[in-house]
Amino acid sequence: MSEKDANALVRLLLRHTTLAQDAIARMCDLSQTMVSRVLSGQRELRRPATVRRVVEGITQGFRIPAPEMVSVPPGLGLGLNESPERTASLLERLARADALDVPGMDEGPTASAMSAAVLSWLVRDASSQDGDAVVGGPVAAVRAATAAFGALDNRFGGENARTTAVHYLNDTVVPLLRQSHAEAVRRSLFTVAAEFVLSIAWMSYDAQRNGAARRYFVQALDLATHAEDRLLGASVLSAMSHQANYLGAHAEARDLARAALTGAGTRATATMRSQFLMMEARAHAARKDKSDCFRAMGEAERAFGSREPDTDPEWIRYFDHSEYSDEVAHCHRDLGHAHVARRLAEQSLAASIGDEYARSRVFTRLVLAAAVLGQGEVEEASHIGEQAVPLVQATSSARCAGYLDDFAKQVLPHRDQPGAARFLRQAHAVVAAGQ
C-alpha cells in the first residue's frame, strides 16, 4: 500500500468513525501530534516502516482500549447542555470519571466557572410542566432509588453509599435518558433523574468531594431544565448556596440563594420561599451582615408561617419546624447571639425524632454546644460536645467531622479545664481517624 493510501486511511478513520485522535494515535502507534498534523494536511506519512505500521494497525483489527481521561478537564460538567442527548453523554463521562477516581474530579472550581450555567438557567424560558406527571415504570424505580440513597445519606453520611449511587447513575439512569419516550414520560424521567443527581451532589458535598459535588449540582440543574421543572431547578441553586456558604464563599452563597428566589418566582410555595430565604440569611450571617440577615430571616419567618405542606413537592417536605429552627440557630450562632442560638437549637432537637435525619441532629448538637460555650458554660458545652462524638463516629460524614473539629478549636483555649480536656482528647481522635 502506498503512503498516499495510509494518509487517506487515517483521515477516513476520523471522518467516518467515532474514534478520537488519541485512539487513532494508539491504533497506528503514532504520537497524537503527528496524527493531528496528518488529519489537518500539514504532514504526510512517507517512511515505509511508518506506513506499514499504520496500515497494519488499521487493517489487522487491533483492539483499541477505551480511552479514559488522564485527568478531569476543569470545566467538565459545569455548563448546561444544549440537548438531552448531550446531557446523557456528559453524565456518563462524569460518572465514569468519578467511579474510576480520575484525578481532578474533586478539585473545586471557582464561582465564575459556574456563573455562566446559573445565568443561562435564569434567562431561560420560565415555563413549567403542564399536565399530570408520570408516576409508574422507570420513573417510579428511579424515584425509589433516590429515596433509598437519600435515607442512607441523611442517616449515615455521604460517603456511605455514594459510590453505589454513581454506578446506578451510569448503569441505570443514563441508559433510560437515552431511550425514546412519550413526551410526558420523558419530562417525568428527567425530573426524577434531576432529583437523583441532586442526591449524589449532596452526598459528594457531605463527603467533602466538593469539585464532584459542584459538577453534579450543575448537571442536576441541567436535567431540571430539560424537564421544564423550574422549581426543582431553583432548589438546586439553593443547595449550591448551602455548599458555597460552608466553603466560605459567602457572597456566592448569597447570590445563589437570590437566584433561586428570582428563578422560582411566584410559583414557589411558601415552604420553598422560606428555605431559599434562610439560605440567603445564612450567607449574610456568615458575613456578619446583621441588617440583611434579619431582613431575610423576617421574610423567611413570614413565609414559613403561611406554608401549606400538602401543596409542596416531596423534595422540600424535609423543611419542617426542626430544620427551620436549625437554620435560624446557625444564623444566630454566626452573629454571636449565643442565647438565641441555644434556644433555637434546643427547639430543633426537641422537634426532631427518630433516626431519619441523624446527621442533621449532629450539626444541631454542635451548634448548641457552640452556643453554650458562647454563654461561658465551658463544662456544659464540653459535655454536649462529648455526646456528639459517638454520633459523628456513627456517620461517614466529613461535614460532621468538620463541625466537630471547628467546635474543638473553640474549646481549645479552655483545655486546662477537666471537661474540656476530656472532650478534646475524644474529638481529636475522631477527627484524626477521618483524615
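Geometric assessment of Arg307 against the ring of Phe304 yields a positive cation-pi assignment under the 6.0 Å and 45° thresholds. Judged by the 6.0 Å and 45° rule, Arg162 forms no cation-pi pair with Trp202.
The pair Asp98-Arg215 fails the salt-bridge criterion, with no side-chain N (NZ, NE, NH1 or NH2) lying under 4.0 Å from an Asp/Glu carboxylate O. With respect to Arg209 and Asp106, a salt bridge is recorded, a charged nitrogen being found less than 4.0 Å from a carboxylate O. A salt bridge links Arg342 and Glu380; the closest N-O separation between the charged side-chain nitrogens and carboxylate oxygens is under 4.0 Å. The existence of a salt bridge linking Glu252 and Arg214 is confirmed by a sub-4.0 Å separation between a basic side-chain nitrogen and an acidic carboxylate oxygen. The pair Glu314-Arg143 fails the salt-bridge criterion, with no side-chain N (NZ, NE, NH1 or NH2) lying under 4.0 Å from an Asp/Glu carboxylate O.
Counting heavy atoms of neighbouring residues, nucleotides and ligands inside a 6.0 Å radius, atom CZ of Arg333 exceeds 12 of them. For His383, the NE2 atom counts as loosely surrounded, since its 6.0 Å shell holds 12 or fewer non-hydrogen atoms of other residues, nucleotides or ligands. Within a 6.0 Å radius of NZ in Lys290, no more than 12 heavy atoms belonging to other residues, nucleotides or ligands are found. Within 6.0 Å of CD in Glu183 there are more than 12 heavy atoms belonging to other residues, nucleotides or ligands. Within 6.0 Å of CZ on Arg86 lie no more than 12 heavy atoms contributed by other residues, nucleotides or ligands. Atom NE2 of His321 is surrounded by 12 or fewer heavy atoms from other residues, nucleotides or ligands within 6.0 Å.
Looking at every heavy atom in both residues, Leu232 comes nearest to Asp229 through N-OD1, 3.1 Å. Heavy-atom minimum distance, Leu80 versus Ser120: CD1-OG, 3.7 Å. Among all heavy-atom pairs drawn from Ala285 and Asp334, the shortest one is O-CB, 3.8 Å. In terms of heavy atoms, Val173 sits closest to Ala193 at CG1-CB, 3.9 Å. For Ala281 against Cys293, the heavy-atom pair with the smallest separation is O-SG, 3.5 Å. Contact detail for Glu356 and Asn154: the closest heavy-atom pair is O-CB, 3.3 Å.
Ser274 contributes no side-chain N or O that, together with a main-chain N or O of Ala270, makes up a donor-acceptor pair within less than 3.5 Å. Of the possible donor and acceptor atoms, one in the side chain of Arg415 sits under 3.5 Å from a partner among the backbone N and O of Leu412. Side chain of Ser235 to main chain of Leu231: no donor-acceptor pair is present (N/O by atom type, distance under 3.5 Å, no hydrogens or angles). Under the 3.5 Å distance criterion, the side-chain polar atoms of Arg273 are left unmatched by any main-chain donor or acceptor of Ala268. The backbone N or O of Leu349 sits nowhere less than 3.5 Å from a side-chain atom of Ser352 that would complete a donor-acceptor pair. Between the side chain of Asp292 and the main chain of Arg295, no donor-acceptor pair closer than 3.5 Å is present. Asn81 places no side-chain N or O within donor-acceptor distance of the main-chain N or O of Ser83, the cut-off being under 3.5 Å.
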Note to self: Before you tell me yes or no, could you show the steps for Gln275 and Ser238 under side chain to side chain donor-acceptor pair (under 3.5 Å), namely the whole-Å CA-CA distance, both residues' side-chain angles and the distance that decides it to 0.1 Å?
What the structure shows: CA-CA 8 Å; Gln275 199 273 338; Ser238 178; 2.6 Å; yes
Next item on the list: Go through Gln208 and Asn210 one step at a time and tell me if the side chain to side chain donor-acceptor pair (under 3.5 Å) criterion holds.
Entry: CA-CA 5 Å; Gln208 288 299 276; Asn210 288 302; 3.3 Å; yes
Margin query: Determine whether Ser397 and Arg359 satisfy the following criterion, side chain to side chain donor-acceptor pair (under 3.5 Å), listing intermediate values before the conclusion.
Written below: CA-CA 8 Å; Ser397 169; Arg359 179 185 56 196; 5.0 Å; no
Notebook entry, point to check: Can you list the steps and then say if Leu90 with Leu76 is a side chain to side chain contact (heavy atoms under 4.5 Å, CB included)?
Noted result: CA-CA 8 Å; Leu90 190 284; Leu76 183 67; 3.5 Å; yes
Next item on the list: Kindly indicate, with the supporting measurements, whether the criterion side chain to side chain donor-acceptor pair (under 3.5 Å) is fulfilled by Ser322 and Ser348.
Entry: CA-CA 4 Å; Ser322 178; Ser348 176; 3.2 Å; yes
Next item on the list: Apply side chain to side chain contact (heavy atoms under 4.5 Å, CB included) to Thr146 and Val192, showing your working.
Entry: CA-CA 8 Å; Thr146 303; Val192 294; 5.6 Å; no
Notebook entry, point to check: After noting the C-alpha distance and the side-chain angles of Leu368 and Val372, does the key distance pass the side chain to side chain contact (heavy atoms under 4.5 Å, CB included) rule?
Noted result: CA-CA 6 Å; Leu368 173 60; Val372 172; 4.0 Å; yes
Check: Please walk me through it: do Arg422 and Ser382 pass side chain to side chain contact (heavy atoms under 4.5 Å, CB included)?
Finding: CA-CA 8 Å; Arg422 186 171 57 250; Ser382 298; over 6 Å; no
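Met272 is listed as a side-chain neighbour of Pro313, based on a closest heavy-atom distance under 4.5 Å. Within the 4.5 Å cutoff, the side chain of Glu327 has no heavy atoms near those of the Met297 side chain. Using a 4.5 Å cut-off on side-chain heavy atoms (C-beta onward), Leu94 and Gln219 make contact. In this structure the side chain of Tyr205 reaches within 4.5 angstrom of the side chain of Arg399, judged on heavy atoms. In this structure the side chain of Thr262 never reaches within 4.5 angstrom of the side chain of Phe276, judged on heavy atoms. Two residues are said to be in side-chain contact when any heavy atoms from C-beta on lie closer than 4.5 Å; Leu237 and Trp121 meet this criterion. Residues Leu169 and Tyr216 meet the side-chain proximity criterion, which asks for heavy atoms closer than 4.5 Å. With a 4.5 Å cut-off on side-chain heavy atoms, Arg230 and Arg124 count as touching.
Between Phe149 and Tyr168, the ring-plane angle classifies as tilted under the 30° and 60° cut-offs.
Here CD of Glu92 is found 13.0 Å from OG1 of Thr87. Values are rounded to the nearest 0.5 Å. Annotation: the span from Leu373 atom CG to Glu379 atom CD amounts to 11.0 Å, rounded to 0.5 Å. Interatomic distance, CG of Leu256 versus CD of Gln243, reported as 9.5 Å (0.5 Å rounding). With values rounded to the nearest 0.5 angstrom, His250 atom NE2 is found 12.0 Å from Asp289 atom CG. One finds the CH2 atom of Trp315 at 11.0 Å from the CZ atom of Arg317 (value rounded to the nearest 0.5 Å). Atom-to-atom distance recorded for Gln347:CD and Asp326:CG is 11.5 Å, nearest 0.5 angstrom.
Screening Arg287, Glu280, Lys288, Arg282 for a side-chain hydrogen bond (donor to acceptor under 3.5 Å, both in side chains) involving His284 leaves a single residue, Glu280. Between Phe190 and the choices Val185, Asp222, Leu223, Leu176, the side-chain contact (heavy atoms from CB on, under 4.5 Å) rule is met once, by Leu223.
Side-chain rings of Phe363 and His330 stay apart, their centers remaining 6.0 Å or farther from each other.
Checked by atom type, the side-chain pair Asp312/Thr271 shows a donor-acceptor distance below 3.5 Å.
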